[in-house]
Every structure is written in C-alpha cells, then in structure tokens.
Enquirer: 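Pasting a structure below so you can have a look.
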Amino acid sequence: MSPRPRAAWPLVAVFTAGYLAAYLLPTIVGRLSTHLGLSAAQAGLVGSALLLSSATAGFTLAGRVERYGSQRPARAGLALAVVGYGCAALAGSVPLVVMGAVIGGLGSGTATAVAAAGIAAQRDPHRTSSLGLLSVSATAGALYLTIPHLGGGHRLPFASIALVALLVWPATARLGGSAPTGSTAPVSGRLPHRRSGLVLAGGMLVWSMAQNALWGVSSRIGVSQAGLSEVTIGAVFAAALGAGLLGVMGAGVLGARLGRAVPIGLGTVIIAGSIVLSSSAAGLGSFATGEITWNTVYPVVLSYLIGLAASLDVRGRWAVLAGSASSVGVACGPVLGSVLSETAGYPVMGLILGAVTLLVAAPVTAVALHTGGRPLVPGSVRRRGGAPAALLAATTGTLSGAVPRMGAPEQAVTEISMPALRRRRLGRNAFRTAGPSGADGQSLPGDL
C-alpha cells in the first residue's frame, strides 16, 4: 500500500466495535438460554451463527478493502452492526433475535476486516493490534461489571454492542476514503508466504475454536459446577479481562524483543493448563485462578498471532484471511463446548481442549520461527523484500528507506524491448560505466 499509514486510533476504534461481540459471547449465550427458553446447545448455535456471519464477511472482503477504501466498508459494517444488534435487542421472538444477530455479525466481520487490513499497513502491526485488544478488553470488562446489575434479559448485551458501534461511527471520518479512480480492479498478485499463511490460518482456526469452546460455557461452569452467582461470575470475568489488559500492555512493551515464537509457543502451553484448571473448577478459587490466568495470556498470544499474520502481507490479505479463519473457530467454539460438556462433562471437555491447544502450538510456532527472520550474515539478503532485509537494515545502520519495509512486496521489473536490428548494431564499445560525463560525452576522470 503506497500511501503513508494513517493514525492508529481510528483503526483501534473500529477493531473494538468489530471484536466486541466475540468478547461478550458468554453473557450472550447465557442470557439467550436463561431468558428465551433455549437449551444450552440451541443458545450456542445462535452464538455460532453470529460469528459465522462475521467470518463470512471477513472472507468476502479479503483483498478488497484496498479496492473500496477503508471508510465506506467501515461505515457499512458499523451500520449493519447497529441495525442488526439493535433489532436483536428489541425483538422478543427467537427467529427475529437470530436474524438480528446474523445481520449484526456481518457488520462485526466487516468492521474487523477493515481494521485488520489497516493494521497490516501500519509501521508496527503488533503495537496497533495490541492497542486494539487493549481497547476491546477494557470495553468488555466494563460491560461485564455493569450488565449483571442491570438485568434486561438478552436485550442488554445486544444493545451494548449496537451502542459501541454507534459511538465508533465518527472515527471513520479519519479512515482512508475511496480508492483512486481507475483502481477498480480487485487487488491481484500472488499471496506471499502462501504455505506459512495457510498453516497459520488453519492453526488460528483450531486455536480459536479451543479457546472459545471454553469461553462459551465458562458462565455455565461457574453456575452449575462452581456454584457461583451471576454477579460473582461477572466480577470474575471483569477481573480476568482486567488482567488481560495488563497482559496486552506487557506485550506492547515487550514488542519483538523475544521474537514471536517464544510468546506464541510458551503462551499457548500456559493457556492449555489454564483451560484444564478452569473446566475442572469446583469453587471460586480454582475458577477465578483458571479464568484470570487464561485471560491474561490469551490476548497476549492473540496479539502476536495477529501481528504475525499482518507481517506476511503488507496489503493485509493474510491478516484478513487469518482473522476470518479465527472467526470460524470462534463460531464453532460454543457448539463444540456445549456438545463436549453435555456428553462428557466439563473436566473431560477441558482435557480435550487442552490437548488440542497443545497440538496446534507446534505448527503455529514453526510459522513464527520460519517467517520471523533471524540475524543475517553477509551475503544472506534475499532478493525479495521482507523480514531478513529489514532486520539487516536495523542491525547494520543502513539508511532509512534503503531496503523495503518488513513485509513489503517485491518491486515490479519492467522489460524494455529493443528491435533485433538495433541490437546487432550495438557492440561492446557502445556501453560504459555510469558516472558524470563531459561535454563530449566522455566520462570524467575518477569515474568508476
């Protein structure tokens, strides 16, 4: 993307509006089950329909945000979120609630796709993604502290998401406008790092599915197994999201000092243990410890995964595709959690999800090692711009702009045709070394 990256805060605002529905999934599913008379599996299906709709929007927009510009799709997504979630909040029948949730999910996915493409174009994608997760965690934490005290059935969570989308609308004025005239064709060209991108997208799908299988039933674990009230569970979730804020801030400060492989690999191992602890909780202590530890590390690993996907393609296509694959995993999570918990019980569900999380850690960490770059030795700069060239420039004092930015696409090479007759007339003496020339066309003394 040739234009200079714009300010990060509008992207952070749009990211918050797009991601908020996934963060509020436990209270949405729980209240649909309690106040609309749905079973746990049926309520999980409604949550999955919402998130699958969000993923569909992301896959549709992958590679097309550059074509339409950021402002129009962002405004369309926020408008769909306001209308869809607003209708779900006002409706009293299950079909209308489901229809509103699906429309709202399309809006959330559109907003998230715009934010992901914009984050990939930033000079530091990891820092911007960390700010986005920081913002959405703070917003969700505030809502978890507020919603249990206000009642409102299923209406309040949907109304909250719609209100946040409405409040974010003015920020879209600071996003990029329409693409220049004449650039109406969708972005073409081969996706860079295709194998690594596919492994990362598949890994994020499974990783997110395991996380949200637990997240979607966490509220029910607290009520039915740990014996906690809704107010206590809301306080635990708020504390967990508050700890997540500290984790994201720590990730932002740490940056790339340890690379991406260490935070992703080690963080995923900690997450797997937290899943097992939370799902087997029998009281407030173990439930709170598992949830707080899990929510502290989860956004840290997610911020590095988002930054890794953004670094694979500066146009943001891998960021959108990997994010959409993650949304599919998020969508399947509540159903998987409901089915496993009803058939095998919460502790066995936790063991299965923990094992799956550990298994997916290996390929995702391998992608981070393969594409993260290593300090270069002389002569190892690749012809294609990317992480190695950028690392060499950073460690050897190369002038700014001497090498492409990390993830920059390879510059196109234009061939100049020369008639065959003209080529035959040119001999070796027709060429000389470059340098300033005198009036007679000869090179001045001292030329190379």
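In this chain, numbering begins with 1 at the start of the sequence shown.
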Enquirer: Where do Ser326 and Ser208 come nearest, in terms of heavy atoms and distance?
Expert: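 Shortest heavy-atom contact: OG-OG, 2.6 Å.
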Enquirer: Can you run down the salt bridge (charged side-chain N to carboxylate O under 4.0 Å, His left out) pairs that involve residues 356-369, sequence neighbours left out, and say none if there aren't any?
Expert: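 Applying salt bridge (charged side-chain N to carboxylate O under 4.0 Å, His left out) to every pair that reaches into residues 356-369, excluding sequence neighbours, yields nothing.
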Enquirer: Taking atom CG of Leu284 and atom OG of Ser229, what is their separation to the nearest 0.5 Å?
Expert: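 Answer for the CG-OG pair, Leu284 versus Ser229, is 9.5 Å.
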Enquirer: Any side-chain heavy-atom pair from Ser219 and Thr27 closer than 4.5 angstrom?
Expert: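 Contact flag for Ser219/Thr27 side chains = no.
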Enquirer: Does some side-chain heavy atom of Leu32 sit less than 4.5 Å from a side-chain heavy atom of Val97?
Expert: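 SC-SC contact between Val97 and Leu32 confirmed.
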Enquirer: Using side-chain heavy atoms (C-beta onward) and a distance below 4.5 Å, is Val356 in contact with Met209?
Expert: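 No; the side chains remain at least 4.5 Å from each other.
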Enquirer: Would you say Thr293 and Ser274 are linked by a side-chain donor-acceptor pair, where the criterion is simply a distance under 3.5 Å?
Expert: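 No, no side-chain donor-acceptor pair sits under 3.5 Å.
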Enquirer: I'd like to check Thr139 versus Leu20 (side-chain heavy atoms, cut-off strictly below 4.5 Å). Are they in contact?
Expert: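 Of all side-chain heavy-atom pairs linking Leu20 with Thr139, at least one is under 4.5 Å.
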Enquirer: Sequence neighbours left out, what pairs pass side chain to side chain donor-acceptor pair (under 3.5 Å) with at least one residue falling in residues 157-167?
Expert: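 For residues 157-167: none.
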Enquirer: State, without any angle test, whether Tyr85 and Ser108 hold a side-chain donor-acceptor pair at a distance under 3.5 Å.
Expert: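 A donor-acceptor contact under 3.5 Å links the two side chains.
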Enquirer: Taking atom OH of Tyr346 and atom CG of Leu340, what is their separation to the nearest 0.5 Å?
Expert: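 It is 11.5 Å, given to the nearest 0.5 Å.
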Enquirer: Specify whether Phe158 and His154 have parallel, tilted or perpendicular ring planes, treating 30° as the upper limit for parallel and 60° as the lower limit for perpendicular.
Expert: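 Perpendicular: the ring planes of Phe158 and His154 meet at over 60°.
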Enquirer: Supply the atom-to-atom distance Glu342 CD to Met349 CE, rounded to the nearest 0.5 angstrom.
Expert: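 If I round to the nearest 0.5 Å, the distance is 11.5 Å.
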Enquirer: Can you measure from CG (Leu214) to CD (Glu291) and round to the nearest 0.5 angstrom?
Expert: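 The CD atom of Glu291 is 5.5 Å from CG of Leu214, to the nearest 0.5 Å.
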Enquirer: Applying the side-chain contact (heavy atoms from CB on, under 4.5 Å) test to Ser137, which of Asn295, Thr16, Leu245 qualifies?
Expert: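 Checked Asn295, Thr16, Leu245 against Ser137; only one passes side-chain contact (heavy atoms from CB on, under 4.5 Å): Leu245.
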Enquirer: Pair Ser311, Leu308 - check side chain to side chain contact (heavy atoms under 4.5 Å, CB included), show working.
Expert: CA-CA 5 Å; Ser311 71; Leu308 176 59; 4.1 Å; yes
